[in-house]
Each structure stands twice: as C-alpha cells, then as structure tokens.
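Read through the structure below, which is laid out as structure tokens, and then see the notes.
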Amino acid sequence: MARPRTFDEDRLLTGAMHVFRRRGFAASSVRDLEEATGLTSGSLYNSYRDKRGLFETASAHYNRTVLARRIEDHAPEGAGIAGLRRLFLSLLHEPDGGSSGCLITNSAVEFGGREQPGFVTEGFAILRACFADRLRGNDTDAVALLALYQGILVLIRAGYDKAALEAMITQHFETLEKRHGC
C-alpha cells in the first residue's frame, strides 16, 4: 500500500513549474527539481513517475494557476477589448522583474511540433477562447491575437525592448478598438 503524500503539492508544483519555466524541460536537472521542491529524487519519482510526469503535472498547474489568474486579473469576462489590452500589457511586467517568459510559450518553442505537451495545446485553447469571447465571437481576430501574444512572449524572453513592445501593443489595440467600434 502506498504511503500518503506528506508534502504541500501546490508548493512543490509551483517550485517545479518555475524551474521548467526558467530552464526548459531538457535543461532542468533532477538536482534543480530537488532544490526547488525540497524533495529527493526518489520522492519525486514515486509521486510523478519520472521527470516528464512532474513536468506535465507542474505545467497543468501553470495553466490552472498562472494563466487562469492572469486572465482573471486583467481580462475577466465582460472586460472586452480593454481587458485584452491590459492582459497584453501585463506581459511586460513579470512579478519578479525577470524575463523567464511563459511556460506554455517556452515549451512550445522547445518541443516544436514533436511530442507537444498537452498543456501547451490546452493553454493555447484557453487563450484563444478568452480572446474570442472578449471579441464577441470573432475567431479570426482571436487567432491573430494568439499569434501576437505568443510572439510578444518570445520577444520578451529574447530580451527585446519592452518600451517598443508596449508601443506596438498600444497601437495594435487602438486599431482593433476602431475596427470593432469601441
């Protein structure tokens, strides 16, 4: 009979999530994960099968916590295009002041088209649905916004000038508001 878990799973998944977000799946070592979670490799493997199992669980945690909270904080239901603008501008200001980027975006780039983790597809679907809803069902613009959102996150991770990105976001949303009659 398996022993019950005696650790704070949210704290553990948050620690692992940050390691994967900063370093990527391939570059994250078991030692990095032990340090971030406070568990030994044996405990991690007993709980999550392997590094990939921990990655998938921590990444689903990212969608439920970080992505969902970002949407709720900046573009909740009914926020319309103004909420989407706030959501996009929020990308330029990570809570820790760093530029680790988005776990979804970083993983999409790392894995490319091969073995794409399910949480990436889920994260894209969450964002696309949010964008379409705030744009009153306009899926064409929602897909364009998804591409823009992901591109901004790649540029942030690459160290692109945030002031230039802010100006681009502002201009894009002014155009979008005019087109949608806001």
Side-chain angles (χ1 to χ4, degrees), residues 1-77 87-131 145-160 162 165:
M1 177 180 208
R3 292 189 326 217
R5 294 181 180 175
T6 59
F7 54 84
D8 178 346
E9 189 166 32
D10 281 343
R11 189 185 68 71
L12 176 139
L13 293 175
T14 297
M17 173 186 77
H18 288 305
V19 169
F20 291 126
R21 185 175 173 207
R22 281 189 307 274
R23 300 181 59 81
F25 175 76
S28 295
S29 70
V30 174
R31 165 120 19 245
D32 295 331
L33 295 167
E34 287 177 325
E35 289 175 10
T37 64
L39 293 182
T40 65
S41 60
S43 294
L44 290 172
Y45 283 102
N46 283 336
S47 297
Y48 300 100
R49 290 186 327 277
D50 54 19
K51 182 175 137 181
R52 180 69 181 231
L54 177 58
F55 173 70
E56 290 172 359
T57 306
S59 299
H61 176 74
Y62 180 88
N63 282 353
R64 285 189 314 273
T65 58
V66 175
L67 181 58
R69 183 176 50 245
R70 183 178 291 273
I71 290 170
E72 185 58 34
D73 287 350
H74 302 287
E77 285 188 45
L87 177 67
F88 275 69
L89 290 171
S90 78
L91 299 175
L92 304 174
H93 309 285
E94 285 195 35
D96 62 0
S99 61
S100 297
C102 168
L103 183 57
I104 298 165
T105 307
N106 297 348
S107 297
V109 170
E110 179 177 2
F111 285 90
R114 68 188 198 297
E115 303 176 41
Q116 196 67 247
F119 87 94
V120 170
T121 304
E122 179 186 326
F124 288 165
I126 290 167
L127 287 165
R128 183 177 176 177
C130 170
F131 299 161
L145 281 181
L146 178 61
L148 180 62
Y149 189 91
Q150 294 305 309
I152 290 167
L153 288 165
V154 169
L155 291 173
I156 290 169
R157 180 74 190 252
Y160 199 81
K162 288 184 179 180
L165 290 173

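Values reported hereafter were calculated over all heavy atoms of this structure, with side chains retained and with hydrogens, waters and symmetry mates removed. Count residues from 1 along the sequence.
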Arg70 vs Asp73 side-chain heavy atoms within contact, under 4.5 Å: no
Nearest-0.5 Å distance that lies between atom OG1 in Thr105 and atom OH in Tyr149: 7.5 Å
Leu92 CG to Tyr160 OH distance, which is reported to the nearest 0.5 Å: 12.0 Å
Distance, nearest 0.5 Å, that separates OG of Ser29 from CD of Glu35: 7.0 Å
Review item, side-chain donor-acceptor pairs of residues 118-131, under 3.5 Å, at least two apart:
{"residue": "Arg128", "atom": "NE", "partner": "Asp139", "partner atom": "OD1", "Å": "3.1"}
{"residue": "Arg128", "atom": "NH2", "partner": "Asp139", "partner atom": "OD1", "Å": "3.4"}
{"residue": "Arg128", "atom": "NH2", "partner": "Asp139", "partner atom": "OD2", "Å": "2.4"}

Closest heavy-atom pair and its distance - Thr37, Leu12: CG2-O, 3.5 Å
Glu56 backbone acceptor or donor facing Ser59 side chain under 3.5 Å: no
Exercise: identify the closest heavy-atom pair between Val66 and Met17: CG2-CE, 3.8 Å
Counterpart residues, side chain to side chain donor-acceptor pair (under 3.5 Å), relative to Asn63 (two or more places apart): none
Heavy-atom closest pair, residues Gly101 and Asn106: C-ND2, 4.0 Å
Leu165 side, atom CG; Leu153 side, atom CG - distance, nearest 0.5 Å: 9.5 Å
Arg23: salt bridge (charged side-chain N to carboxylate O under 4.0 Å, His left out) partners, not counting sequence neighbours: Asp32
Crowding at CD, Glu77 (>12 non-hydrogen neighbours, <6.0 Å): no
Spacing of His61 atom NE2 and Leu67 atom CG [to the nearest 0.5 Å]: 12.5 Å
Under the side-chain contact (heavy atoms from CB on, under 4.5 Å) test, residues paired with Asp50 that sit two or more places apart: Tyr45, Arg52
Non-hydrogen atoms of Ile156 and Leu91 that approach each other most closely: CD1-O, 3.3 Å
Partner residues of Phe111 under the ring pair (Phe, Tyr, Trp, His ring centres under 6.0 Å) criterion, sequence neighbours left out: Phe25, Phe55
All salt bridge (charged side-chain N to carboxylate O under 4.0 Å, His left out) counterparts of Arg31, not counting sequence neighbours: Glu34
Over all atoms of both residues, closest heavy-atom pair of Ala36 and Arg11: O-NH1, 4.4 Å
Rounded distance [0.5 Å steps], CZ in Arg69 versus NE2 in His74: 9.5 Å
Residue pair Arg22 / Arg157: nearest heavy atoms and the distance that separates them: O-NH2, 2.9 Å
